[in-house]
Amino acid sequence: MRTTVVLTLTSFAAAMVVGTVVAAFRVSPVPPLRAAGAVWVQMLRNTPLTVLLLLFVFGFTKIGLQYSFEVSSVIVFGAYTSAFVAETVRSGINAVARGQAEAARAVGLTFPQILGIVVLPQAFRTVVAPLGNIFIALTKNTSIAAIISVLELTEVADRLNNATARPIPVFLGAAVAYLVLTLPSGFAFGWLERKVAIRR
Amino acid sequence: MPEQPLVVLAGVNKWFGDLHVLRDIDLSVERGEVVVVIGPSGSGKSTLCRAINRLEPVQEGTITIDGVPLPEEGKELARLRADVGMVFQSFNLFAHKTVLDNVTLGPRKVRKRSKADAEALGMQLLERVGIANKARAYPAELSGGQQQRVAIARALAMEPKVLLFDEPTSALDPEMIKEVLDVMLELAREDGTTMVVVTHEMGFAKSAARRVVFMDEGRIVEIAPPDRFFSHPESERARDFLSKILAH
């Protein structure tokens, strides 16, 4: 369970950082950046996570990218999830009233300042709930690391089952363990959403 | 040598798709001058105002502020915009920041003033627009008139060379219009602020404007001092417009 938590938190942190940068690319006034952002999102969100993980672990070693299975998992989960974070943050950016950015431009802020000081702080507040969905999906997606034998929740359950041949209690237990992680996450995101809401 | 005008628009044309919204606009605004732009809706007066700090880029013609032509979008333009204050119809206060933070954001992030310094200036300006007691409030907690006064303080905090007002009272309830116009009148009369004001408030035009610019269908139809414009408009179009809005 600890591995699952660590995988989830590190992947989510990476996905938030990368996803926000990609979202900024997608609304940037520079066309090549917009295109790069779009390619990143479309490639990653339209490919099965399992395929990405296997490609990275077995394929990328051929071109010299070799990391431990744990680190590889974080990289792949982070990159895959970043595509969803980027789209979510982008929709948040689009939901910020046009006048906010106009006022910021009129004050003389530059594009990065407008994004960082005025638009993104408001955008994040509106997308806390969908980011919560992404977090919960990611928590469950980390089970895919079992296919490369990373000792996370599902892999542990699988090995336990192999040893005991009692699949029902073992996998039910695993399901409950995921619930123990995801239910409080959902509540935490709900709390965060209320806390940062902007009165309008 | 006579001082050059602060804002000069020369041969400005703009289209939204097929719609020709600004047609051959020539206009100069002198230092310390208050120019009020009026006209029917859709006449291009808001677009004219927004073109002056390039919130709306124009396809033809030149716009210069204090002798500097407006550059392309980027750092140069941001620097120039810092010298051009703008007050919007819908206030556009930063919703996630307090009143005081709204006013100090520009001085701190653009002018690089210290926090203490910017807050002293901010409080002084909020005092001046009569809203210092709301410094820690958020925009949504304020009435429209209060929000617009904060927006004026935010624009003033940049110590701009010229202030643009894009229909500053059009979104306000009638009883709040006066408190905003009073602040604007004071700026115009006592501080000699250079102002370009797009408005439907004919009373403000009469008492504050040095010149009234009347626009229709993207063109400047007439430019005249307010007393002459309101008593003896030269163009048929202006006479027609005035008869409609002054009928009641």
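Labels below follow one simple rule: chain letters A, B, ... track the order of the sequence lines, proteins then strands, and each chain is numbered from 1.
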Problem set entry | Parallel, tilted or perpendicular: ring planes of A/Phe135 versus A/Phe189, cut at 30 and 60 degrees | tilted
Using heavy-atom distances under 4.5 Å, tell me whether [X] contacts chain A through its side chain, its backbone, both, or neither.
| X | value |
| --- | --- |
| B/Glu73 | side chain |
| B/Arg111 | neither |
| B/Phe94 | both |

Exercise. Tell me, side chain or backbone of A/Gln113 under 4.5 Å from chain B's heavy atoms, or both, or neither?
Worked result: side chain
Exercise. Side chain, backbone, both or neither: which part of A/Ala104 has an atom under 4.5 Å from a heavy atom of chain B?
Worked result: both
Exercise. Please walk me through it: do A/Val89 and A/Val85 pass side chain to side chain contact (heavy atoms under 4.5 Å, CB included)?
Worked result: CA-CA 6 Å; A/Val89 171; A/Val85 170; 3.9 Å; yes
Student check: side-chain heavy atoms of [X] and [Y] closer than 4.5 Å:
| X | Y | result |
| --- | --- | --- |
| B/Gln146 | B/Val150 | no |
| A/Phe84 | A/Leu138 | no |
| B/Asn13 | B/Val58 | no |

Exercise. Distance only, no hydrogens: is a donor on one side chain within 3.5 Å (strictly under) of an acceptor on the other, for B/Ser90 and B/Asn92?
Worked result: yes
Problem set entry | Largest heavy-atom contact set with chain A, pairs under 4.5 Å, which of B/Leu93, B/Leu80, B/Val87 | B/Leu93
Seminar exercise, completed: Counting heavy-atom pairs under 4.5 Å with chain B, the top scorer among A/Thr110, A/Ile117, A/Leu109 is A/Ile117
